[in-house]
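By convention in this document, chain letters (A, B, ...) are assigned in the order of the sequence lines, proteins followed by strands, and residues within each chain are numbered from 1.
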Amino acid sequence: MTTEEKKEEKALNFIEEIVEEDIRAGKHAGRVLTRFPPEPNGYLHIGHAKSICLNFGLANRYGGGTNLRFDDTNPVTEDTEYVESIKYDVRWLGFNWVNELYASDYFEQLYAFAVDLIKKGLAYVDDSTAEEIAALKGTPTEPGTNSPYRNRSVEENLDLFERMRRGEFAEGSRVLRAKVDMASPNMHLRDPLMYRIKFAHHHRTGDAWCIYPMYDFAHGQSDSIETITHSICTLEFIPHRPLYDWFIEKLDIFPSRQYEFARLNLTYTVMSKRKLLQLVNEKHVSGWNDPRMPTISGMRRRGYTPESIRNFCDRIGVAKRENLIDVGLLEFFVREDLNKKAQRRMVVLDPLKVVITNFPEGQTEVCYSENNPEEPATGSREVPFTRELYIEREDFMENPPKKYFRLAPGQQVRLKSAYIITCDEVLKDANGDVTEVHCSYVENSKSGQDTSGINVKGTLHWVSATQAVPVEIRLYDRLFKVEDPSSEEGDFKTYINSDSLEVITGYAEPALQGTEPDESFQFLRKGYFCADIDSSPDKPVFNRTVTLRDTWAKNAAK
RNA sequence: UGGCCGAUGGUGUAAUGGUAACACAGGACAUUUUGGUUGUCUUAUUCAGGGUUCGAGUCCUUGUCGGCCAACCA
């Protein structure tokens, strides 16, 4: 079955249904234009990826386009550093926007819209303090009270607003408000603020402006200016929609429409930029791109692929129900993708020395191991077999439980792509800890030319102790100890998992030397690992993306 | 106590008045020179009550539970 057919079979989400209905009805002549509107005040995270896949996916599917629009109306928190990272991340995810735009491009137009509303008697300058405005706003159960400045003349409002722009008034001394309805049960309709005074340097307009539009008077208007047909945002903006429509109607501009879907929540992490910024600022992580972060940049560094993230976003669907998705689903998709793509290598993370007593000292025998059994075309590589080897400490047990298929006294195992060995002797130190295991290899059991007829249950990964390359390995675990840190009592940071990073030295087969950053491998039986940007040719550093599925560990834990 | 949104397996998402489906997670078996991969099987009377209908997860109604809304943030 082709991808095309699969796509058609898949049920539509409710937004796709709306779009199809609009197309059927001939709305906007069947044109579809969406936008992805990040505020450049932080890095993109997996929740944004859901929105990106939705917006760009919709445009893709219905022959439209998507604008990348930076919602940069609050100069004090925004920065070009964020702009650059956002652009990089969207491209990396595999999407191309038709226009790179900024709400700040529209400041002059937005100002003209505001003047228009003032002239229509639908906006006024309010001299009240923030506290006074809040006090007159009422509560969800009590109506608000009109501001004493609500009935200024059009002329006075025009004059005051112009002088606000000229910088004649102090920050916080005046605002422009829409004249809607102070008694509305919808708080957002109680004369919402349109403009505030901020003597702040803007990352794009510099010091050209000292008044900046609020979200509600910038977002919808930007949509309209760009003739966005479907403006998709998250659930918390539902109460803003009547205001979104009010401005468009009163301004009599292009009728963009807003639709809302439920944001993504993932177990064992947090998904708000405010919280993520705290983790960065307070050094709980090394930065926005710390591999434990749910940011796109963090996941990229961790070893996640764009495909795996897109597949994930595809599978979780789009609806209006609050959700908390098991991070295991994300892990499934990265395993699925890396299983096809990542070459196999052998690396011992916690070494136990094995001496093959019947193998000559100083001799090296070349073995060949397939690079990826899922992709035979990737061929095989040489792996040196010597008298002294390392195996994983957990792959040996002196007194093994039932169904332990690994090495134990008197037991036989296969060394992957090499020989079957028999455990003859266990050496211990004064504490009784195992220091070394002596084995003998079965000479006619070499992989590919095995005539021994021996059937072993277990196959172990291994490296030559004398030719192994030490590598730094960073083992990551979930950032939080509880499923939903944000819903727990108190500060979410009290639930940080202090053991979320463990740095160890592993011993890699020689083929792993000189690995380039960003390259992903499957370390046999251990998981997927991605070379970190901290790697240098002489000292590779690997991040563990995710472990392999481990049914043995699961059973043993029971 | 106001307004708005929502409720389908453990988790998500479908079913558009006509046999509750798919994925993940869990369980069982088989395959496997990765306890990986792969394959087969398996896990729900749809929040509750009432109503409309030949027939309701779907429509109506009442209730319950959850979420959002009173930043000069977005």
So [X], base contact, sugar-phosphate only, or nothing? Heavy-atom distance under 4.0 Å.
{"X": "A/R406", "result": "base"}
{"X": "A/F332", "result": "sugar-phosphate"}
{"X": "A/T77", "result": "nothing"}
{"X": "A/P373", "result": "base"}
{"X": "A/K446", "result": "base"}
{"X": "A/T129", "result": "base"}
{"X": "A/H219", "result": "nothing"}
{"X": "A/Y528", "result": "nothing"}
{"X": "A/E374", "result": "base"}
{"X": "A/T234", "result": "nothing"}
{"X": "A/F237", "result": "base"}
{"X": "A/V318", "result": "sugar-phosphate"}
{"X": "A/G144", "result": "nothing"}
{"X": "A/Q522", "result": "base"}

Between [options], which nucleotide has the shortest distance from any of its atoms to the side chain of [X]?
{"X": "A/M214", "options": "B/C73, B/A14, B/U34", "answer": "B/C73"}
{"X": "A/H188", "options": "B/U34, B/A71, B/C69", "answer": "B/C69"}
{"X": "A/T141", "options": "B/C72, B/G2, B/A14", "answer": "B/G2"}
{"X": "A/T551", "options": "B/G36, B/U33, B/A74", "answer": "B/G36"}
{"X": "A/E236", "options": "B/C68, B/A70, B/C73", "answer": "B/C68"}
{"X": "A/T459", "options": "B/U34, B/A71, B/C68", "answer": "B/U34"}
{"X": "A/A11", "options": "B/A74, B/A14, B/A70", "answer": "B/A14"}
{"X": "A/D550", "options": "B/G35, B/A74, B/G2", "answer": "B/G35"}

Under 5.5 Å between ring centres and under 30° between planes: true for A/Y215 and the base of B/A74?
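No; centroid distance or tilt outside limits.
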Given that A/T139 and A/N339 both sit by RNA chain B, which one's nearest nucleotide is further toward the 5' end?
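With A/T139 and A/N339 compared, the 5'-side residue is A/N339.
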Closer than 4.0 Å, any side-chain N/O of A/K416 to the OP1 or OP2 of B/G36?
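No, A/K416 has no side-chain N/O under 4.0 Å of OP1/OP2 on B/G36.
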At under 4.0 Å, does any side-chain N or O of A/K554 touch on OP1 or OP2 of B/G26?
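A/K554 to B/G26 OP1/OP2: side-chain N or O found under 4.0 Å.
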Quick one: stems involving RNA chain B, counted as three or more successive Watson-Crick or G-U pairs, both distances short of 3.5 Å.
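Stem list for RNA chain B: B:2-7 with B:64-69, B:10-13 with B:21-24, B:26-30 with B:38-42, B:47-51 with B:59-63.
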Could you go through A/Q343 and A/N372, starting from their C-alpha distance and side-chain angles, then the distance that decides it, and tell me whether this counts as side chain to side chain donor-acceptor pair (under 3.5 Å)?
CA-CA 5 Å; A/Q343 292 212 355; A/N372 186 344; over 6 Å; no
Whole angstrom is fine here: how far is it from CG in A/L338 over to P in B/U34?
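Interatomic distance, CG of A/L338 to P of B/U34: 19 Å.
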Sole candidate of A/Y106, A/Y102, A/Y82 that passes ring-ring contact (aromatic ring centres under 6.0 Å, His included) when paired with A/F70:
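Checked A/Y106, A/Y102, A/Y82 against A/F70; only one passes ring-ring contact (aromatic ring centres under 6.0 Å, His included): A/Y102.
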What is the minimum heavy-atom distance between A/L338 and A/R344, and which atoms define it?
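That closest heavy-atom pairing would be O-NH1, 4.2 Å.
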Examine the base of [N] for any acceptor or donor lying under 3.5 Å from a partner atom in the side chain of [X], and report the outcome as yes or no.
{"X": "A/R344", "N": "B/U34", "result": "yes"}
{"X": "A/R549", "N": "B/G35", "result": "no"}
{"X": "A/R525", "N": "B/U34", "result": "no"}

Less than 6.0 angstrom from the centroid, inside 45 degrees of the normal: does A/K320 satisfy that with respect to the ring of A/F261?
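That pair does not qualify as a cation-pi contact.
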Are A/R174 and A/F169 in a cation-pi setup, meaning NZ or CZ lies under 6.0 angstrom from the ring centre and within 45 degrees of the ring axis?
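Yes, a cation-pi geometry.
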Are there any protein N/O atoms within less than 3.5 Å of an N/O atom in nucleotides 5-12 of chain B, and if so, which ones and at what distance?
residue, atom, partner, partner atom, Å
B/U8, OP2, A/R321, NE, 3.2
B/U8, OP2, A/R321, NH1, 2.1
B/U8, O4, A/R321, NH2, 3.4
B/U11, O3', A/L324, O, 3.3
B/U11, O2', A/L324, O, 3.2
B/G12, OP1, A/L324, N, 3.1
B/G12, O2', A/I316, O, 3.0
B/G12, N2, A/R315, NH1, 3.4

